[in-house]
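Input: a single structure, listed below in structure tokens.
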Amino acid sequence: MRRLGLGPAVRQDRPASELVHDEANVRVVAFHLLPGQEIPPHRSDSTVLVQVVAGSGTFTGDGSELELSAGDSAVFAPGELHAIRAPAVPLRFVAIITPRPGG
């Protein structure tokens with residue numbers, strides 16, 4: 001067992017991300033978005049589970065939009081177009097991506 005990092009430091013110019021774990025079958029990435037920052041729509045060939053650690057944000061998937069807060073989670077199916085934004089308060093979340101992209 002090993003302790004994972006706390007995630008990225010704040011960036012004023014764009015959403016911050018940090019790879020906190022990477023192995024053959026899973027990748028874990030921590031994100032920190034300031035109010036007004038967003039991760040634009042994109043797709044992944046993998047399942048992406050997101051877990052909000054602090055704050056709140058808007059998580060958009062194919063045909064739906066959810067407001068998630070600390071403790072909430074959601075999952076995006078492989079190939080699903082998704083985007084994330086922090087409209088009003090800072091947002092910290094972890095994305096668990098499986099299988100690992102390119103793996």
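Heavy-atom basis, side chains included; hydrogens, waters and symmetry copies ignored.
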### Query
So, do Leu19 and Arg27 sit near enough that their side-chain heavy atoms are less than 4.5 Å apart?
yes

### Query
Between atom CD of Gln51 and atom CG of Leu68, what is the distance when rounded to the nearest 0.5 Å?
9.0 Å

### Task
Answer yes if Leu33 and Leu66 sit in the same cluster of Ile, Leu, Val, Met, Phe, Trp and Tyr residues linked by side chain heavy atoms under 4.5 Å apart, and no otherwise.
yes

#### Entry: Linked, directly or transitively: Leu91 and Val48 (ILVMFWY side chains, under 4.5 Å)
yes

### Closest heavy-atom pair and its distance - Val89, Ala86
O-CB, 3.5 Å

### Task
Check the side chains of His21 and Arg2 for a donor-acceptor pair under 3.5 angstrom, ignoring hydrogens and angles.
yes

### Query
Do Val53 and Leu49 belong to the same hydrophobic cluster, where Ile, Leu, Val, Met, Phe, Trp and Tyr are linked whenever their side-chain heavy atoms lie under 4.5 Å apart, directly or via other members?
yes

### Summary
d(Phe76 CZ, Ile97 CD1) to nearest 0.5 Å is 11.0 Å

### Query
Between atom NE2 of His42 and atom CG of Leu81, what is the distance when rounded to the nearest 0.5 Å?
8.5 Å

### Query
Got a second to check how far Gln37's CD is from Asp13's CG, nearest 0.5 Å?
7.5 Å

### Message
Could you check whether any side-chain heavy atom of Phe93 comes within less than 4.5 Å of a side-chain heavy atom of Asp72, counting everything from C-beta outward?
### Response
no

### Message
What I'd like to find out is whether the side chain of Pro87 reaches to under 4.5 Å of the side chain of Pro35, using heavy atoms alone.
### Response
no

### Query
Above 12 or not: heavy atoms from other molecules or residues under 6.0 Å from CG of Asp22?
yes

### Task
Go through the steps to decide whether Arg85 and Glu65 satisfy the test salt bridge (charged side-chain N to carboxylate O under 4.0 Å, His left out), and finish with yes or no.
CA-CA 11 Å; Arg85 69 182 183 277; Glu65 186 172 276; 3.6 Å; yes

### Query
In Å, rounded to the nearest 0.5 Å, how long is the span from CZ of Phe59 to NE2 of His82?
10.0 Å

### Interatomic spacing from OG in Ser46 to CD1 in Ile96 - rounded to 0.5 Å
13.0 Å

